[in-house]
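Scroll down for the structure; my scribbles are underneath it.
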Amino acid sequence: MYLCYIDESGTPEIPGNTSHFVLAGLSMPIWHWRAADNDIISILNKYDLATAELHTAWMMRRYLEQSKIADFEKLSRDARRKAVGQWRNAELLRLQKLPDPAPYRQAKKNFRHSEAYIHLTHNERMSAIRDVADLVGGWGFARLFVEAIDKIHFDPTRTHTTVVEQAFEQVVSRYHQYLVREEHGGLKNYGLLVHDNNESVAKKHTDLMRKFHSAGTLWTEIDRIIETPLFVDSRLTRMVQLADLCSVAMRRYVENNESDLFDRIFPRGDHVGARVVGVRHYTDRKKCSCKICTAHSAPIGP
């Protein structure tokens with residue numbers, strides 16, 4: 001039995017406010033789950049994040065208030081929390097007095113999302129993310145399945161599908177093919193999808209999965225993935241948080257050529273010989289020489 005944790009990065013709307021939409025699935029056998037979870041907790045404990053959600057995009061941001069607090073890096077973590085909390089309270093009180101309520105609402109939202117990380121400097125937050133990415137990259141038992149869609153080159157009239165539908169179909173198809181390929185001794189592998197509980201896609205993916213169970217995908221029949229996706233609160237599920245890290249790392253690479261996190265997790269891309277079959281960059285392949293397109297076109301042989 002294998003679990004595949006799924007999360008997304010970017011907006012599926014065209015044009016939306018990102019050039020790419022990325023759906024990532026991180027799969028592992030269930031017998032590795034407990035040890036893997038303990039490995040993550042060990043890392044997060046070093047950064048006082050054991051009870052916090054690992055939300056990569058928010059952790060990677062720079063918090064303006066930290067630069068305004070004298071000798072912030074020299075303070076203890078408890079002192080940092082207190083100093084940032086005081087600064088933010090004062091800022092919210094100031095914004096409340098403005099005639100336009102939008103800045104206050106936005107600041108309150110930002111502060112809420114980053115509250116768990118204010119005791120860490122930006123360098124420490126990046127170190128935590130890199131440590132977790134290195135951990136994932138070193139898991140020989142895990143496999144990564146990703147569809148990164150360049151929306152500039154996506155034509156729904158030609159594909160007869162939406163960005164979300166194509167991404168999900170591709171990830172499901174590659175995951176299923178991996179389950180079949182890893183079967184030995186006549187025993188079948190089965191998999192289950194565990195998805196971040198995004199209300200905007202839950203019904204779509206549930207309906208799609210029912211369709212795949214009955215009619216297959218464009219690429220394969222689906223008889224190894226059981227049930228429809230389980231939708232969970234990512235704040236409570238470490239492995240979905242890792243899928244979030246993978247999707248963010250992939251999108252920052254294809255959009256901005258940021259390779260730091262990407263290089264750490266890309267070795268987990270499902271591969272057959274030298275070809276990385278589990279990760280695809282949907283774009284103008286004739287003009288794209290990124291690491292994903294190069295590896296996806298590599299020879300099957302060693």
Side-chain angles (χ1 to χ4, degrees), residues 1-10 21-44 53-57 59 128-149 167-179 181-182 189-198 201 205 209 224-227 229-254 261-271 276-281 292 295-296:
M1 183 70 185
Y2 292 72
L3 299 175
C4 186
Y5 300 90
I6 296 179
D7 205 356
E8 63 191 53
S9 182
F21 175 77
V22 173
L23 189 69
L26 181 66
S27 170
M28 67 177 61
I30 59 172
W31 54 90
H32 281 289
W33 173 84
R34 185 173 297 279
D37 192 61
N38 288 337
D39 288 343
I40 299 167
I41 293 173
S42 294
I43 290 176
L44 298 183
E53 178 183 6
L54 187 71
H55 198 298
T56 301
M59 290 180 68
I129 294 169
R130 291 183 183 114
D131 286 351
V132 174
D134 285 338
L135 179 67
V136 173
W139 281 343
F141 54 82
R143 293 295 182 273
L144 187 60
F145 306 93
V146 179
E147 177 78 347
I149 298 176
F168 188 60
E169 183 175 27
Q170 287 287 334
V171 169
V172 167
S173 297
R174 293 179 211 146
Y175 177 45
H176 183 274
Q177 290 164 347
Y178 165 72
L179 293 173
R181 196 175 69 245
E182 289 297 302
N189 290 327
Y190 290 96
L192 181 67
L193 303 173
V194 183
H195 203 305
D196 179 29
N197 191 17
N198 185 327
V201 301
H205 283 189
M209 201 64 214
R224 300 295 197 276
I225 303 175
I226 66 172
E227 261 289 357
L230 297 183
F231 291 90
V232 300
D233 188 339
S234 63
R235 293 173 297 179
L236 307 176
T237 310
R238 289 284 181 215
M239 298 305 169
V240 171
Q241 295 169 25
L242 297 196
D244 169 68
L245 185 155
C246 292
S247 65
V248 170
M250 287 286 172
R251 186 170 69 84
R252 292 177 78 101
Y253 174 68
V254 294
L261 291 179
F262 171 85
D263 287 342
R264 298 169 193 269
I265 65 168
F266 191 52
R268 292 280 57 81
D270 184 37
H271 60 276
V276 178
V277 297
V279 182
R280 184 177 76 154
H281 185 197
I292 298 174
H296 196 73

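Everything numeric here is computed off the predicted structure, so don't read it as measured data. Count residues from 1 along the sequence.
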| Just wondering, more than 12 heavy atoms not from R181 lying within 6.0 Å of its CZ? |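 For R181, atom CZ is crowded (more than 12 foreign heavy atoms under 6.0 Å).
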Any [X] side-chain heavy atom under 4.5 Å of [Y] side chain:
X    : Y    : answer
I292 : F266 : yes
L144 : L26  : yes
D244 : D196 : no
Y2   : N189 : yes
M239 : D37  : yes
I225 : L192 : no
F168 : L193 : yes
W139 : L242 : yes

So, for [X] and [Y], which heavy atoms are closest and what is the spacing to 0.1 Å?
X    : Y    : answer
D7   : S247 : O-CB, 3.9 Å
G10  : F21  : O-CD1, 3.6 Å
Y5   : A243 : O-CB, 3.4 Å
G191 : Y175 : CA-OH, 3.2 Å

| query | Could you walk me through whether R280 and I149 pass the side-chain contact (heavy atoms from CB on, under 4.5 Å) check? | reply | CA-CA 8 Å; R280 184 177 76 154; I149 298 176; over 6 Å; no
Spacing of [atom1] belonging to [X] relative to [atom2] belonging to [Y], to within rounding of 0.5 Å:
X    : Y    : atom1 : atom2 : value
L230 : I6   : CG    : CD1   : 10.5 Å
L245 : H55  : CG    : NE2   : 11.0 Å
E53  : R238 : CD    : CZ    : 8.5 Å
S27  : E182 : OG    : CD    : 9.5 Å
L54  : T237 : CG    : OG1   : 12.5 Å
Q170 : E147 : CD    : CD    : 4.5 Å

Taking [X] for the side chain and [Y] for the main chain, is one N or O donor matched with an acceptor at less than 3.5 Å?
X    : Y    : value
R143 : G140 : yes
H296 : H281 : no
R174 : V146 : yes
R268 : G137 : yes
D270 : G278 : no
Q241 : S234 : yes

| Can V194 and V232 be said to form a side-chain contact (heavy atoms from CB on, under 4.5 Å), step by step? | CA-CA 7 Å; V194 183; V232 300; 3.8 Å; yes
| task | Check R252, E8, R251 against V22 for a side chain to side chain contact (heavy atoms under 4.5 Å, CB included) and give me the one that passes. | result | R251
| Is it true that the side chains of H195 and H205 contain a donor and an acceptor less than 3.5 Å apart? |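 Judged by distance alone, the side chains do pair up.
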